[in-house]
There are 2 protein chains.
Amino acid sequence: MLNDPLVLTPIAGATRAEPEKRVRDRGATEKAILKAAKSLLAEEGFQNFGINAVARRAGCDKQLIYRYYGGLNGLVEAIGADLGTWVKDRIPEDTGGMFLLTYGDLMERLSLLFLEALRDDPLVRRIVAWEVSENTEQVRRLSEARSKALANWLERMRGSLAPPKGIDAVAVNAIVIAAIQHLVLSASAGGQCAGLSLKTPKDWEKAATALKRIVRGVYG
Amino acid sequence: MLNDPLVLTPIAGATRAEPEKRVRDRGATEKAILKAAKSLLAEEGFQNFGINAVARRAGCDKQLIYRYYGGLNGLVEAIGADLGTWVKDRIPEDTGGMFLLTYGDLMERLSLLFLEALRDDPLVRRIVAWEVSENTEQVRRLSEARSKALANWLERMRGSLAPPKGIDAVAVNAIVIAAIQHLVLSASAGGQCAGLSLKTPKDWEKAATALKRIVRGVYG
DNA sequence: CCGAATTGTCACTTGCCGGTGAGTAGCAAC
DNA sequence: GTTGCTACTCACCGGCAAGTGACAATTCGG
């Protein structure tokens with residue numbers, strides 16, 4: 001056997017840097033792994049998301065990911081569970097003291113809130129990009145968690161306000177949400193969308209204005 | 001040396017199937033490679049898009065891809081060049097005999113045409129998904145080719161019609177296009193978007209109706 | 001006919017991936 | 001102590017990716 005640890009020459013701690021003395025704490029390690037996974041996904045995207053990369057970033061052995069989460073799938077599921085609380089953390093529940101009298105008022109406000117929240121959250125952005133790029137079990141689970149959270153939020157915010165008669169609000173809102181998501185993704189990836197530059201705050205103001213106009217156009 | 005070809009036993013053409021006698025024709029091979037690349041990208045997505053996969057599908061050695069296209073980048077560039085002709089093949093130039101009197105008429109029609117065209121073209125769909133998922137040199141080139149083609153088409157179709165005063169048409173149109181793209185991508189990946197099912201023709205009719213309503217809402 | 005360029009094939013290196021089996025280190029109860 | 005459990009690490013496997021250099025097969029100019 002080469003490198004038999006029993007025969008390894010100790011070298012008297014020569015240039016040995018801190019052995020780091022990792023504390024043995026399963027809970028902490030699990031958290032570290034989850035955190036590493038989320039930040040990796042947020043920063044690098046799903047392309048470079050894998051067992052090895054997560055383990056490297058978490059500073060532990062990949063074996064622990066198998067043990068604690070049952071592999072990548074389990075880890076993704078854990079991320080999805082976290083995701084359920086996204087809206088809560090990101091978007092204010094109250095409407096900032098303003099009274100929303102009409103469905104149009106509401107949707108205008110929600111659209112802008114959603115736009116802001118998405119712009120501020122790289123992790124969810126990556127997940128949305130993932131959703132439209134692949135159709136694996138992993139993605140489906142994440143997607144489901146996200147859409148459920150989103151639907152809940154919409155429902156809660158809607159309160160008792162009803163959409164105007166004769167308008168398919170589900171379809172219209174889906175299109176508005178689609179627009180926001182794609183706008184933010186495009187901007188994130190290339191700084192523009194369909195000829196519209198989306199880099200400076202001024203750019204985003206123009207986009208927001210146009211978005212408001214569109215929402216007002218349908219809902220009055 | 002194992003398997004030295006000079007010592008290989010000829011086995012008298014035993015179960016030897018057709019040696020296939022590939023004709024030596026560089027032009028044909030180049031076309032085959034390009035075609036393989038496009039179909040691979042369209043069917044499998046950018047995830048599994050690589051030198052080896054393209055070569056396998058084209059039925060030739062990957063070396064030829066390096067020789068003829070200078071690697072994946074060159075190949076992607078060739079795809080981008082093809083892409084410039086996308087609109088020409090996909091979308092009718094004339095407006096089907098109808099007279100478009102207002103900018104609203106025009107944009108309603110163009111939105112629906114664009115929606116249809118994108119729904120029918122898996123390759124461009126994959127490219128759009130790629131655009132929002134990565135920011136590499138390859139993607140930038142493809143993206144540029146596509147957006148240029150799109151802008152040209154829009155410009156040509158617009159003719160002399162001017163958007164209503166006081167409306168930022170560039171921004172509004174970008175949002176509409178974003179919505180369409182994300183709608184189609186979502187549907188393609190998961191059969192739905194933000195709670196709106198997008199599977200049956202009936203589903204799509206609802207979406208189209210909502211889209212029309214939105215466009216009409218802004219442009220009157 | 002011959003040599004050279006073109007066209008196509010193959011074997012190989014290197015590197016990273018997911019996954020697994022076997023082993024080590026700390027910590028408590030007996 | 002030593003026994004046993006848990007947390008953790010390591011070495012290794014097979015597989016597939018990109019990329020490269022050498023070689024075989026064909027065609028063409030002279």
Side-chain angles (χ1 to χ4, degrees), chain A residues 1-10 13 16-34 36-37 40-41 44-76 134 136-138, chain B residues 1-8 10 16-34 36-37 40-41 44-76 134 136-138:
Chain A
M1 260 193 200
L2 300 178
N3 275 340
D4 187 338
L6 294 179
V7 200
L8 206 63
T9 56
R16 201 95 176 103
E18 273 298 310
E20 274 301 336
K21 260 307 207 180
R22 287 183 59 79
V23 277
R24 291 167 80 86
D25 180 346
R26 171 163 179 165
T29 304
E30 282 182 5
K31 272 189 195 170
I33 291 174
L34 186 57
L40 181 69
L41 185 51
E44 306 283 332
F46 58 95
Q47 293 291 319
N48 307 317
F49 187 73
I51 286 278
N52 290 294
V54 172
R56 255 196 310 275
R57 178 169 286 228
C60 73
D61 196 273
K62 58 181 166 182
Q63 178 72 23
L64 299 184
I65 300 177
Y66 287 108
R67 269 220 257 290
Y68 299 156
Y69 292 95
L72 251 201
N73 287 333
L75 189 50
V76 167
E134 272 189 340
T136 63
E137 192 54 37
Q138 293 178 0
Chain B
M1 257 190 200
L2 302 177
N3 275 342
D4 186 337
L6 293 179
V7 200
L8 207 63
R16 203 96 177 100
E18 273 299 308
E20 272 303 336
K21 258 308 201 181
R22 286 182 62 78
V23 276
R24 291 167 82 86
D25 179 346
R26 171 163 179 166
T29 304
E30 282 182 3
K31 271 189 197 170
I33 291 173
L34 185 58
L40 181 69
L41 184 53
E44 307 283 331
F46 58 96
Q47 295 291 319
N48 306 317
F49 187 71
I51 288 277
N52 290 292
V54 172
R56 255 196 309 276
R57 179 170 286 228
C60 72
D61 197 275
K62 58 181 166 185
Q63 177 72 26
L64 300 183
I65 299 177
Y66 287 107
R67 270 223 263 284
Y68 299 155
Y69 291 95
L72 253 199
N73 287 332
L75 190 49
V76 167
E134 271 189 342
T136 63
E137 191 54 36
Q138 293 177 0

Atom pairs, N/O to N/O, protein against nucleotides 28-30 of chain C, distance under 3.5 Å?
none

Contacts table for residues 61-71 of chain A: side-chain donor-acceptor under 3.5 angstrom, sequence neighbours left out:
from	atom 1	to	atom 2	distance (Å)
A:D61	OD1	A:Q63	N	2.9
A:K62	NZ	A:N52	OD1	3.1
A:Y69	OH	A:E30	O	2.9

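- Between A:T29 and D:dC8 there is a side-chain polar atom (N or O) within less than 4.0 angstrom of OP1 or OP2.
- Here the closest heavy-atom approach between residue B:L40 and residue B:A53 is recorded as CD2-CB, 3.6 Å.
- In this structure, the nucleotide among C:dA25, D:dC10, C:dC10 sitting nearest to the side chain of B:D61 is C:dC10.
- Taking the side chain to side chain donor-acceptor pair (under 3.5 Å) definition, one finds that B:N73 meets it with B:Q138, sequence neighbours left out.
- The CG atom of A:L72 sits 11 Å away from the C1' atom of C:dC17 (whole-angstrom rounding).
- Taken from OG1 in B:T29 to CG in B:L34, the straight-line distance is 12.5 Å, to the nearest 0.5 Å.
- Listed in residue order, the members of residues 62-70 of chain B having a heavy atom less than 4.0 Å from DNA chain C are B:Q63, B:L64, B:R67, B:Y68.
- Side-chain contact between B:I33 and B:V54 is present, with at least one heavy-atom pair separated by less than 4.5 Å.
- Looking at residues 45-57 of chain B, you'll see B:G50, B:I51, B:N52, B:R56 sit with a heavy atom under 4.0 Å from some atom of DNA chain D.
- Within 3.5 Å, a donor on the side chain of A:R24 pairs with an acceptor on the base of D:dT6, or the reverse.
- Between B:A58 and B:A32, the closest heavy-atom pair is CB-O, 4.1 Å.
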